[in-house]
Trainee: 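Handing you a structure now.
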Number of protein chains: 2
Amino acid sequence: MDAERRLRSRGYRLTPQRRAVLEALAGEGGRPLDTSQIHKRVSREFPGIGLATVYRTLELLVELGIALPVHLHEGSRHYELNTGEHRHHLVCLSCGEVQPFRGCDPGELAERVRDESDFLVTSHCLSLFGICGSCRSPGRGR
Amino acid sequence: MDAERRLRSRGYRLTPQRRAVLEALAGEGGRPLDTSQIHKRVSREFPGIGLATVYRTLELLVELGIALPVHLHEGSRHYELNTGEHRHHLVCLSCGEVQPFRGCDPGELAERVRDESDFLVTSHCLSLFGICGSCRSPGRGR
DNA sequence: CTATCAAATGATAATAATTATCAAAAAGCA
DNA sequence: TGCTTTTTGATAATTATTATCATTTGATAG
Ligand SMILES: [Mn+2]
Ligand SMILES: [Mn+2]
Ligand SMILES: [Zn+2]
Ligand SMILES: [Zn+2]
């Protein structure tokens with residue numbers, strides 16, 4: 001795992017707890033998880049791990065660019081591994097299913113902004129809401 | 001104000017408190033405000049207004065489509081009046097300035113999503129982060 | 001291998017945002 | 001005016017997040 005190098009090069013240790021958080025984020029198809037979900041999963045391997053450790057680990061992983069914060073409109077933030085691929089998410093308002101969306105071009109977006117202002121875009125946050133295919137097809141709803 | 005009709009048609013009353021919240025959202029160039037900012041402004045006219053009333057009013061205004069929730073990455077949500085114009089916001093990471101961005105075409109976005117999935121987009125949430133013009137120009141920074 | 005020191009953890013308290021309750025006040029109407 | 005429903009304000013309860021601090025762990029020097 002490349003995360004270990006990025007941690008060590010900054011003087012941080014890859015502890016078992018941190019490894020477990022990384023594995024939780026990597027599992028289950030890499031869907032974005034909130035802190036509670038991550039804590040539950042890590043607890044299977046580390047019964048009694050503190051919720052604060054989960055928060056601290058996520059904060060660190062985001063700082064190092066290993067994880068990305070995702071906003072899915074509810075109360076709590078979600079996190080996902082930074083795969084290097086630029087993507088956002090489609091959130092089904094009916095079943096809650098979250099799937100990745102890759103049709104966003106950050107460069108083109110920044111240009112469009114520059115056209116109407118002198119603002120320099122360095123990052124953005126996009127979430128798309130609607131109804132997923134399963135919820136729309138009559139046969140195979142869930 | 002058209003908000004009054006929308007309220008009354010659903011059996012709600014346009015109370016002085018609700019009017020004050022609407023005025024707070026309309027003032028100051030219609031910038032998105034969080035609940036604390038709204039509460040402070042309304043308190044000038046209504047000393048002792050409950051914070052819960054502000055929350056309840058915002059929830060109602062959003063339900064009726066009179067106000068829109070805006071996510072600007074920090075802890076608390078922001079709200080703005082629904083002007084009917086589709087727009088998002090540019091958030092300066094240096095000075096915190098927030099300015100509207102109108103270069104988003106929801107229809108085109110929905111099409112792009114349909115191209116790569118069978119997801120039907122009904123709404124989306126976009127925030128753009130970066131450095132504003134004032135913070136980049138050496139002479140007139142703030 | 002053991003002593004040492006900084007980093008990390010777990011338990012817990014403290015904040016902060018939001019929501020729920022409920023009795024009192026206000027508004028609309030007979 | 002009296003009755004009914006809505007709305008409010010005060011307050012408690014939740015929930016998410018951050019801060020503290022004593023203890024443990026991991027790396028390293030001797
Ligand atoms: Mn994007
Ligand atoms: Mn848009
Ligand atoms: Zn669905
Ligand atoms: Zn700025």
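Throughout, protein chains are lettered first and strands after them, A, B, ... in sequence-line order, and every chain is numbered starting at 1.
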Trainee: Figure out the CZ/C1' separation between B:Arg18 and C:dA26, and round it to whole Å.
Mentor: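 In whole Å, C:dA26 C1' and B:Arg18 CZ are 12 Å from each other.
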Trainee: Of all the nucleotides listed (C:dT9, D:dT7, C:dT18), which has the minimum atom distance to the side chain of A:Thr15?
Mentor: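 It is C:dT9.
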Trainee: Could you check whether B:Thr35 gets within reach of a base, just the sugar-phosphate, or nothing at all, counting any heavy atom under 4.0 Å?
Mentor: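 Answer is sugar-phosphate: B:Thr35 comes under 4.0 Å of backbone atoms only.
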Trainee: Atom CG of B:Leu58 and atom NE2 of B:His39: how far apart are they, to the nearest 0.5 Å?
Mentor: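 Rounded to the nearest 0.5 Å, the CG-NE2 separation comes out at 11.5 Å.
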Trainee: Closest-nucleotide mapping onto DNA chain C: is B:Arg77 or B:Pro16 further toward the 5' terminus? I mean the 5' end.
Mentor: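 Counting from the 5' end, the first nearest nucleotide belongs to B:Arg77.
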Trainee: Could you work out which one of C:dT9, C:dT12, D:dA10 sits closest to the side chain of A:Ala52?
Mentor: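 Comparing C:dT9, C:dT12, D:dA10 against the side chain of A:Ala52, the answer is C:dT12.
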Trainee: Report the nucleotide, chosen from D:dT17, D:dT8, C:dA27, that has the shortest atom-to-atom distance to any side-chain atom of B:Arg13.
Mentor: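 Of all the options, the side chain of B:Arg13 is nearest to C:dA27.
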Trainee: With respect to the side chain of A:Thr53, which nucleotide from D:dT17, C:dT9, D:dT8 is positioned closest?
Mentor: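 Per side-chain heavy atoms of A:Thr53, the pick is C:dT9.
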Trainee: Measure from the side-chain heavy atoms of B:Ser76 and tell me the nearest of C:dA17, D:dT17, D:dT7.
Mentor: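 Output: C:dA17.
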Trainee: Got a sec: does the CD of B:Glu59 have more than 12 other heavy atoms crowding it under 6.0 Å?
Mentor: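 No, because the 6.0 Å sphere around CD of B:Glu59 holds 12 heavy atoms or fewer from other groups.
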Trainee: Whole-Å distance between D:dA16 C1' and A:Ile38 CD1?
Mentor: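 From A:Ile38 CD1 to D:dA16 C1': 14 Å.
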Trainee: Run the side-chain hydrogen bond (donor to acceptor under 3.5 Å, both in side chains) check on B:His71 and A:His73 step by step: do they pass?
Mentor: CA-CA 8 Å; B:His71 292 261; A:His73 246 203; 3.3 Å; yes
Trainee: Base, sugar-phosphate, or nothing for B:Arg56, non-hydrogen atoms under 4.0 angstrom?
Mentor: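 Answer is base: heavy atoms of B:Arg56 come under 4.0 Å of a base.
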Trainee: Does a side-chain N or O from B:Gln17 land closer than 4.0 Å to OP1 or OP2 of C:dA26, or not?
Mentor: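 It does not, given that no N or O in the side chain of B:Gln17 lies less than 4.0 Å from OP1 or OP2 of C:dA26.
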Trainee: Between D:dA27, C:dT19, D:dT17, which nucleotide has the shortest distance from any of its atoms to the side chain of B:Tyr55?
Mentor: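 In terms of side-chain proximity for B:Tyr55, the closest of D:dA27, C:dT19, D:dT17 is C:dT19.
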Trainee: Between atom CG in A:Leu72 and atom P in D:dA16, what is the gap in whole Å?
Mentor: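 The answer, rounded to whole Å, is 14 Å.
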Trainee: Between C:dT19 atom C1' and B:Leu51 atom CG, what is the distance in whole Å?
Mentor: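 Distance check: B:Leu51 CG to C:dT19 C1' gives 11 Å.
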Trainee: C:dA26 C1' sits how many Å from B:Leu14 CG, rounded?
Mentor: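 Taking atom C1' of C:dA26 as the reference, CG of B:Leu14 is at 14 Å.
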